[in-house]
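The structure appears below as structure tokens.
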Amino acid sequence: GNSVTQMEGPVTLSEEAFLTINCTYTATGYPSLFWYVQYPGEGLQLLLKATKADDKGSNKGFEATYRKETTSFHLEKGSVQVSDSAVYFCALSPGTSYGKLTFGQGTILTVHP
Amino acid sequence: DSGVTQTPKHLITATGQRVTLRCSPRSGDLSVYWYQQSLDQGLQFLIQYYNGEERAKGNILERFSAQQFPDLHSELNLSSLELGDSALYFCASSVGTSRNTYNEQFFGPGTRLTVL
């Protein structure tokens with residue numbers, strides 16, 4: 001079946017540090033890939049997406065590239081801010097589904113001033 | 001604010017009881033999804049409805065059921081509750097549903113269920 005694996009967390013960084021959160025997936029066909037962010041006490045928000053191989057999703061300084069050869073979709077940001085502290089989820093939607101999402105386990109990011 | 005509302009925000013109940021969680025999708029969205037977020041299982045897809053009809057089913061227990069009403073709001077019914085059902089239950093909605101197209105899902109704030 002489909003699955004998503006994220007790097008073990010939590011991740012603690014100082015402000016302006018470089019962020020990488022690893023994500024790899026297993027899926028049949030051609031899935032779409034997503035990063036969602038969950039701020040404390042809130043629901044999930046779509047951060048960025050990529051729908052085909054080599055696509056790069058980007059938003060708010062975050063980027064992730066769909067790498068089919070390595071089945072990966074790693075999230076990166078060049079300079080994190082305290083306001084980026086949240087839980088980040090990698091997810092996929094199989095190409096032959098009606099849109100249901102399969103999520104990774106989530107990575108807690110804490111950024112200190 | 002995503003435009004998706006969920007009630008109640010918190011729910012505390014006892015084992016063996018039955019509860020109903022309610023979700024109102026964004027205006028114009030026809031598709032509703034339910035997800036369960038727990039410490040041991042993570043975020044799991046439960047079930048999806050589109051315009052009143054069940055469209056996809058995930059790891060939903062037989063003790064759980066859902067429906068989508070003509071006004072498009074949805075309810076998730078959980079019965080014979082067990083301690084392990086304690087979790088955050090999210091509803092999400094999207095404009096439509098197409099077998100080969102992803103429609104962005106907008107998530108509600110969730111209902112936190114505690115079973116004592």
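A, B, ... follow the sequence lines: proteins, then strands. Residue 1 opens every chain. Computed from a prediction, not measured in an experiment: that's the story for all the values here.
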Could you walk me through whether Thr71(A) and Thr26(A) pass side-chain contact (heavy atoms from CB on, under 4.5 Å), step by step? CA-CA 7 Å; Thr71(A) 61; Thr26(A) 301; over 6 Å; no
Test of understanding: clusters of I, L, V, M, F, W, Y form through side-chain heavy atoms closer than 4.5 Å, transitively. Do Leu75(A) and Leu33(A) belong to the same one? yes
Matching residue for Tyr88(A) among Tyr39(A), Tyr36(A), Trp35(A), Phe62(A) - test: ring pair (Phe, Tyr, Trp, His ring centres under 6.0 Å): Phe62(A)
Enumerate, atom names and distances included, each donor-acceptor pair closer than 3.5 Å involving a side-chain atom of residues 103-112 of chain A, sequence neighbours excluded.
residue: Gln105(A); atom: OE1; partner: Gln6(A); partner atom: N; Å: 3.2
residue: Gln105(A); atom: NE2; partner: Gln6(A); partner atom: O; Å: 3.1
residue: Thr107(A); atom: OG1; partner: Gln6(A); partner atom: NE2; Å: 3.0
residue: Thr107(A); atom: OG1; partner: Met7(A); partner atom: O; Å: 3.4

As an exercise: rank Gly42(B), Cys91(B), Pro109(B) by heavy-atom pairs under 4.5 Å with chain A and give me the winner. Pro109(B)
Under the side-chain contact (heavy atoms from CB on, under 4.5 Å) test against Cys23(B), which residue among Thr7(B), Val4(B), Thr111(B) passes? Val4(B)
Test your reading of the model: is there a side-chain donor-acceptor pair from Gln6(B) to the backbone of Gly110(B), 3.5 Å cut-off? yes
Measure Gln37(B) against the heavy atoms of chain A and call it side chain, backbone, both or neither at under 4.5 Å. side chain
So Leu101(A) and Tyr35(B), do their side chains get closer than 4.5 Å, heavy atoms only? yes
Residue part contacting chain B, namely of Gln45(A), when any heavy atom lies under 4.5 Å: neither
Select all residues of residues 68-88 of chain B having any heavy atom within less than 4.5 Å of some heavy atom of chain A, and report them by number, or 'none'. Leu88(B)
Under 4.5 Å from a heavy atom of chain A, the part of Phe106(B) involved: neither
Can Ser31(B) and Gln48(B) be counted as having a side-chain donor-acceptor contact under 3.5 angstrom? yes
